[in-house]
Amino acid sequence: MHSMKIGFLQRPAEIGGPGSFLMRLERGLKQMGHEVVFLSEPLSRIPDVILVLGGPIKALLQLIRWKKKGVPIVHRLAGF
């Protein structure tokens, strides 16, 4: 398996709920050799995939732009 650049909408809150899940997921992805980036920060290159965990409606336009660039978007539906 090759290393991937995985994008998330924004950095998680430090405590509780989805933020806690995202921090554990980020740690696990990095341990497997993947790079984790946040779309709310400047990027050096386009991510290989974007993982959406919930996310505000205002992020929809940003996600549409990434989709037009050909970046696959995966949305986590369960758990809220």
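Given the structure is predicted, the values throughout are model-derived calculations rather than measurements.
Expressed to the nearest 0.5 Å, how far CD1 of Ile64 lies from NZ of Lys69 amounts to 13.5 Å. Of the inter-residue distances, the one linking Gln10 atom CD with Leu22 atom CG reads 9.5 Å to the nearest 0.5 angstrom. Rounding to the nearest 0.5 Å places CD1 of Ile6 at 6.5 Å from CE of Met32. Residue His2 holds its NE2 atom at 8.5 Å from NE2 of His34, rounded to the nearest 0.5 Å.
Side-chain N or O atoms of Lys5 include one that pairs as donor or acceptor with a backbone N or O of Arg45 at under 3.5 Å.
Residues Ser40 and Arg11 share a closest heavy-atom pair of OG-N, 4.3 Å. Closest non-hydrogen pair, Gly33 versus Ser3, comes out as O-OG, 2.6 Å. Of all the heavy atoms in Leu51 and Phe8, the pair that sits closest is O-CD2, 3.4 Å. Closest approach of Pro47 and Val37 over heavy atoms only: CB-CG2, 4.4 Å.
Residues Leu9 and Leu63 form a side-chain contact, since some pair of their non-hydrogen atoms from C-beta on lies under 4.5 Å apart.
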